[in-house]
Peer 1: 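Sharing a structure with you now.
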Amino acid sequence: MAPASIRITGARITPVAFVDPPLLNTVGVHQPYALRAIIELVTDAGLVGLGETYADTRHLARLHAAAEAITGLDVFALNAIRAAIADRLRGDDAAVGTAGMITSASAVDQVFSPFEVACLDVQGHAGGRPVADLLGGAVRDAVPFSAYLFYKWAFHPHSPSLRSPHPHPPSLRSPPPHSPSLHSPHPQEPDPWGEALDPAGLVAQARRMVDEYGFTAIKLKGGVFPPEEEMAAIEELHSAFPHIPLRLDPNAAWTPQTSVKVASGLAGILEYLEDPTPGIAGMAEVAAQAPMPLATNMCVVAFDQLAPAVAAGAVKVVLSDHHYWGGLQRSRLLAGICDTFGLGLSMHSNSHLGISLAAMVHLAAATPNLTYACDTHWPWKTEDVVKPGVLSIRNGSVAVPATPGLGVELDRDALAALHEQYLRCGIRDRDDTGYMRRIDPAFEAISPRW
């Protein structure tokens, strides 16, 4: 029987860095390493709960402040824990400091999220039940995910150590006048995925993902090349995979007029078009004319944005993300609101490790109306902090762990190695734009770009 209370006695917060390929997007390119923070929540019952979140400098400082604020509280008192974090961060709720982005998502929700996941992990271990059971019970045994395609270079043009980068490459391959940085520099040893800068490269990337993981949905991160080129890529993907739903996400790189043109041109091909243009007003303008649903992880990332988005008819699919929305319980609140207003629900992903994937799977398993395949960067990573054997993508889905808590176990040697990698690599904040400017000093992150 679980004790009457389980008190938090402290938290170990370990920043880690793991290898990330040169994935292109509208604001630049991924750096050689992605950053995460691993939380081990220690309790007086001897149970330790796991959480994972971003590890940018300001976010790390907030995590340490929050850990101090919640020491002594009961892991079941999630409302009190969130209130304590909100009180500690009062006056520091500026929407910066997560993944190098400026976002309107609540800083309190972003900081509370990994601690809530860790508390639920402890609760699950204390009660002998998986986290999905604490969220109302799993309605599916496996959670479907989508293949997440990126335009990418064959390699990082700088050495893995950002402290001592190689000189800039002397020239760039076939640079178009509008964006010389988007083409690979002179050939070096490619990463295992190789180059994907045209429709043929993306089709090859998609085929490998579908063959290896069995994905039954495909998403392309756009906003990199002119819209006509990305439309051609989607059409090639549709020809190669005629029975697989396709999605396109240009991260608000287009004007409403361009968005409508693209949406019309891809009628009958896209399952949904994600964040084609900035803001609720712009999305509503496009939604009124687009033949497919619009999805978002940009104009609706907080609860106070739901009402105006619904009133404007701006979106039909919300991409939830427990790292932004305040954890798993508040993500279920989001799901209920979406259900009330007839909005579809999917799940956003950033570069993540196994603790986040486990939390995503438990949440999706216990959310009946999350019916779109979720996003994940899982195939792009080669390192992790959890012991292998529990999480894998088969037939496009991840089986829901049935053991207590999150169902994953920390690999302490791997954690130590990735922490050492964090110390060695020198990256402390994600900066896709800054890294791109090291390669192309003229690059500008413009929204909308076309």
Side-chain angles (χ1 to χ4, degrees), residues 13-21 23 25 30-40 49-56 59-60 63 98-101 103 105 109-111 113-118 120-121 131 143-150 209 213 215 219 221 249 297 301 319-328 331 346-365 370 373-388 390-393 397-398 400-401 406-411 414-415 418-419 421-422 425 427 429-430 432:
I13 301 170
T14 307
V16 299
F18 60 99
V19 172
D20 204 14
L23 307 179
N25 55 61
H30 285 208
Q31 295 158 283
Y33 296 96
L35 307 180
R36 299 297 271 185
I38 306 304
I39 291 178
E40 300 171 78
L50 300 178
E52 177 189 329
T53 183
Y54 301 100
D56 297 85
H59 193 57
L60 278 174
L63 293 174
T98 304
M101 297 181 293
T103 173
D109 281 336
Q110 293 174 67
V111 173
S113 175
F115 291 104
E116 185 243 27
V117 170
L120 291 171
D121 191 25
V131 164
V143 174
F145 287 84
S146 62
Y148 204 162
L149 309 185
F150 281 82
M209 284 205 178
Y213 298 98
F215 289 117
K219 170 177 171 174
K221 177 66 74 178
D249 173 19
N297 174 62
V301 293
L319 276 71
S320 67
D321 185 329
H322 72 272
H323 303 92
Y324 286 126
W325 287 88
L328 307 189
S331 293
S346 186
M347 192 176 285
H348 167 261
S349 167
N350 220 315
S351 301
H352 64 83
L353 297 170
I355 298 169
S356 279
L357 182 63
M360 292 164 68
V361 168
H362 282 285
L363 172 61
L370 202 158
C374 303
D375 292 348
T376 181
H377 284 63
W378 188 258
W380 294 111
K381 72 169 188 60
T382 57
E383 302 167 299
D384 212 328
V385 295
V386 299
K387 293 183 177 180
V390 175
L391 302 172
S392 61
I393 302 175
S397 297
V398 177
V400 183
L406 290 173
V408 295
E409 184 179 354
L410 197 62
D411 183 329
L415 178 68
L418 294 191
H419 177 59
Q421 193 158 260
Y422 168 83
C425 78
I427 299 174
D429 296 279
R430 178 175 172 177
D432 291 18

Peer 1: Do the non-hydrogen side-chain atoms of Met347 and Leu363 ever get within less than 4.5 Å of each other?
Peer 2: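 Touching, per the 4.5 Å side-chain cut-off.
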Peer 1: Work out which heavy atom in Leu328 is nearest to a heavy atom in Glu116; give both atom names and the distance.
Peer 2: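 In terms of heavy atoms, the two residues are closest at N-OE1, 2.8 Å.
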Peer 1: If I take atom CD1 from residue Ile39 and atom CG from residue Leu50, how far apart are they, to the nearest 0.5 angstrom?
Peer 2: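 Between atom CD1 of Ile39 and atom CG of Leu50 there are 10.0 Å.
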Peer 1: Listed by chain and number, what are the side-chain hydrogen bond (donor to acceptor under 3.5 Å, both in side chains) partners of Gln421, not counting sequence neighbours?
Peer 2: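 Testing Gln421 for side-chain hydrogen bond (donor to acceptor under 3.5 Å, both in side chains), a comparison that skips the adjacent residues, returns Glu383.
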Peer 1: For residues Leu391 and Gly354, report the shortest heavy-atom separation together with the two atoms involved.
Peer 2: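 That would be CD1-O, 3.3 Å.
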Peer 1: Restricting to non-hydrogen atoms, name the atom on Ser346 and the atom on Ala373 that form the minimum distance, rounded to 0.1 Å.
Peer 2: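 Closest approach of Ser346 to Ala373: OG-O, 3.0 Å.
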Peer 1: Give the minimum heavy-atom separation between Ala55 and Leu60, together with the two atoms involved.
Peer 2: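 Taking Ala55 first and Leu60 second, the nearest heavy atoms are O-CD1, 3.4 Å.
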Peer 1: What closest approach, in Å, do Gln31 and Arg430 show between heavy atoms, and which atom pair accounts for it?
Peer 2: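 Minimum heavy-atom separation between Gln31 and Arg430: OE1-CA, 3.3 Å.
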Peer 1: Working to the nearest 0.5 angstrom, can you tell me the gap between Asp56 CG and Leu63 CG?
Peer 2: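 Answer for the CG-CG pair, Asp56 versus Leu63, is 10.5 Å.
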Peer 1: Using every non-hydrogen atom in the two residues, find where His377 and Tyr148 come nearest and quote the distance to one decimal.
Peer 2: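 Answer, listing the atom of His377 first, then Tyr148: CE1-CE1, 3.3 Å.
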Peer 1: Starting at CG of Asn297, measure out to CG of Asp375 and round the result to the nearest 0.5 Å.
Peer 2: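 Those atoms lie 8.5 Å apart.
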Peer 1: Hey, does Trp378 have a side-chain heavy atom less than 4.5 Å from the side chain of Asp384?
Peer 2: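 With C-beta onward as the side chain, the pair touches.
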Peer 1: In the structure I gave you, are the side-chain heavy atoms of Val16 and Leu415 within less than 4.5 Å of one another anywhere?
Peer 2: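 Yes, close enough: below the 4.5 Å cut-off.
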Peer 1: Measure up the Tyr422 and His419 rings against each other and bin them: parallel (under 30°), tilted (30 to 60°), perpendicular (over 60°).
Peer 2: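 Answer is parallel, since the angle falls under 30°.
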Peer 1: Return the NE2 to CG distance between His30 and Leu23, rounded to the nearest 0.5 Å.
Peer 2: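 Result: 5.0 Å between the selected atoms.
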Peer 1: Take a 6.0 Å sphere around NZ of Lys381 and say whether it holds more than 12 heavy atoms from other residues, nucleotides or ligands.
Peer 2: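 Yes, the 6.0 Å shell around NZ holds more than 12 heavy atoms from other groups.
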Peer 1: With a 4.5 Å cut-off on side-chain heavy atoms, are His348 and Tyr324 touching?
Peer 2: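 Yes, their side chains come closer than 4.5 Å.
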Peer 1: Suppose we screen for side-chain hydrogen bond (donor to acceptor under 3.5 Å, both in side chains). Which residues come up paired with Glu52, at least two apart in sequence or across chains?
Peer 2: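 By the side-chain hydrogen bond (donor to acceptor under 3.5 Å, both in side chains) rule, Glu52 matches Arg36, Ser356.
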Peer 1: Distance check, rounded to the nearest 0.5 Å: Asp432 atom CG versus Asp20 atom CG?
Peer 2: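 Spacing of CG (Asp432) from CG (Asp20) equals 8.5 Å.
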Peer 1: Would you kindly say whether Thr53 and His323 are connected by a side-chain donor-acceptor distance under 3.5 Å?
Peer 2: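 Side-chain D/A pair, Thr53 to His323: absent.
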Peer 1: Is any NZ, NE, NH1 or NH2 atom of the basic residue among Asp411 and Lys387 found under 4.0 Å from an Asp or Glu carboxylate oxygen of the other?
Peer 2: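 No.
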Peer 1: Of Val385, Val386, Leu418, which is the lone residue that meets side chain to side chain contact (heavy atoms under 4.5 Å, CB included) with Ile38?
Peer 2: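 Testing each of Val385, Val386, Leu418 against Ile38, the sole residue satisfying side chain to side chain contact (heavy atoms under 4.5 Å, CB included) is Val385.
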Peer 1: Rounded at 0.5 Å granularity, tell me how far CH2 in Trp380 sits from CZ in Phe150.
Peer 2: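 One gets 7.5 Å once the value is rounded to the nearest 0.5 Å.
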Peer 1: Please check this pair: side chain of His362 against backbone of Leu406, looking for a donor-acceptor N/O pair closer than 3.5 Å.
Peer 2: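 Yes: the side chain of His362 pairs with the backbone of Leu406.
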Peer 1: What I'd like to find out is whether the side chain of Phe145 reaches to under 4.5 Å of the side chain of Val361, using heavy atoms alone.
Peer 2: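 They are in contact (side-chain heavy atoms under 4.5 Å apart), so the answer is yes.
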